[in-house]
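First up is the structure itself, then whatever we jot down about it.
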Amino acid sequence: MKRLFNFSAGPSMLPLEVLETAAGEMTDYKGSGMSVMEMSHRSKEFEEIITEAEHLLRELMNIPDNYKVLFLQGGGSTQFSMIPLNLFRNSKKADFIITGSWTKKAASEAKRYGTVNVLASSESDVFSYIPKVGKEHYSPDADYFYITTNNTIYGTRYVDLPDTGNVPLIGDMSSNILSQVYDVSKFGLIFAGAQKNIGPSGVTIVIIRDDLIGHAADMTPTMLDYKIHAEKGSLYNTPPTYNIYIAKLTFEWVKKQGGVSGLEKINKEKAALLYDYIDNSKLFKNPVAAEDRSLMNVTFVTGSDELDKKFLAEAEKQGMVNLNGHRTVGGMRASIYNAMPKEGVEKLVEFMKKFEMDNR
Ligand SMILES: *Cc1c(COP(=O)(O)O)cnc(C)c1O
């Protein structure tokens, strides 16, 4: 069997154990005589899978009882529309801190339905930092306050969350859910597309506080109304059954790693290996503010497009793939999500050291 160290930003590596369990159960799920893919979403077996997936996620993230967990479709990007359609209801105004392309996209969708108040943006500095905005600038009457907790493309994250008081904080956690401990009660709504830290693309996790459900604008398509999905336990229509099954397997794996706090510890060690080396390197640089560095997406450059290309080609020969930066920023990016073993990061750092020696 050949397995590469896949540093892709998403879809990304899954734990080998998860893939092997799924392979073993592929044609006959626990004596049911069929694959989970072939099963009715109303069957007893699938009912158990989705119930257990929710139960495990609640346990792992310590989700309070007054929050619903939804398994939806349409990727993280559909949430950019669902959030304003469901949450704009009083002032029809939302505060945004723009920290990357994903926040920009969320803001431009929200603008179709209400007022977007941009408190700050780091765009003029290529989103290389998280703007710090004093509380006195927040809109006390906003219907919500929107952030991206981890910026997948630029390699930054919020280390401290904005304290938005009674205004619901919305967090796009697509690229760092389950990677560090969060206090869910600080948020009104959290969402994450699965393909970075949970499973295959096609299922999106939404964690939403009860009081934010049931206020969708009249024109909201049924499929985009949180209330419909909450009332039907994510079974209003056929959910992405196989993806939910893989998510359940990943949640079991996370639990075995010591839960989210266990993984947070390993993730910090993995990120430190890279950042410590880069900080001491004369060739590689990390282009973002040190205090805002992501634990999941580590960006670096040599300063020469030619050397970057050479680095990527040689890394690939060593079995380390998808280290290229996002097409809009270039350079390199090592996405080191939960499923990337520490050995993968150690191997990358060893390779970077050798590359630096050879290219001085
Ligand atoms: C990948 C990503 C998205 C987009 O997710 P899709 O599932 O492709 O729609 C949104 N936000 C963040 C932070 C991401 O990393």
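Just so it is clear, the structure is predicted and the values come from calculations on it, not from any experiment. In each ligand, atom 1 is the first atom listed, and ligand 1 is the first ligand listed.
- Considering only non-hydrogen atoms, atom 13 (C) of ligand 1 lies nearest to D172 out of D172, T204, N297, V203.
- The contact set between ligand 1 and T148, taken as ligand atoms under 4.0 Å from a residue heavy atom, comprises 13 (C).
- Residue contact check for ligand 1: G76 places a non-hydrogen atom closer than 4.0 Å to it.
- Ring orientation note: the planes of Y29 and Y245 are nearly perpendicular, at an angle over 60° on the 30°/60° scale.
- In this pair, Y146 and F191 present their aromatic rings tilted. The plane angle is within the 30 to 60° band.
- The aromatic rings of Y236 and H229 sit perpendicular to each other, their planes meeting at more than 60°, with 30° as the lower class boundary.
- Looking at atom 15 (O) of ligand 1, its nearest protein heavy atom turns out to be T152 OG1, 2.4 Å.
- Residues F187 and Y67 keep their aromatic ring centres 6.0 Å or farther apart.
- Residue contacts with ligand 1 leave out K105, since none of its heavy atoms falls under 4.0 Å from the ligand.
- For atom 8 (O) of ligand 1, the nearest non-hydrogen atom of the protein is Q195 NE2, 3.4 Å.
- Ligand 1 places these atoms under 4.0 Å from at least one heavy atom of G75: 7 (O), 9 (O).
- Put simply, part of K196 is less than 4.0 Å from ligand 1, judged by heavy atoms.
- Of the possible donor and acceptor atoms, one in the side chain of R333 sits under 3.5 Å from a partner among the backbone N and O of T152.
- The distance between the ring centers of F284 and F300 falls below 6.0 angstrom.
- By the criterion of a heavy-atom distance under 4.0 Å, the side chain of S174, and not its backbone, is placed next to ligand 1.
- Between R293 and D279 there is a salt bridge, since at least one side-chain N of the basic residue sits less than 4.0 Å from a carboxylate O of the acidic one.
- In terms of protein heavy atoms, atom 9 (O) of ligand 1 is closest to S77 OG, 2.6 Å.
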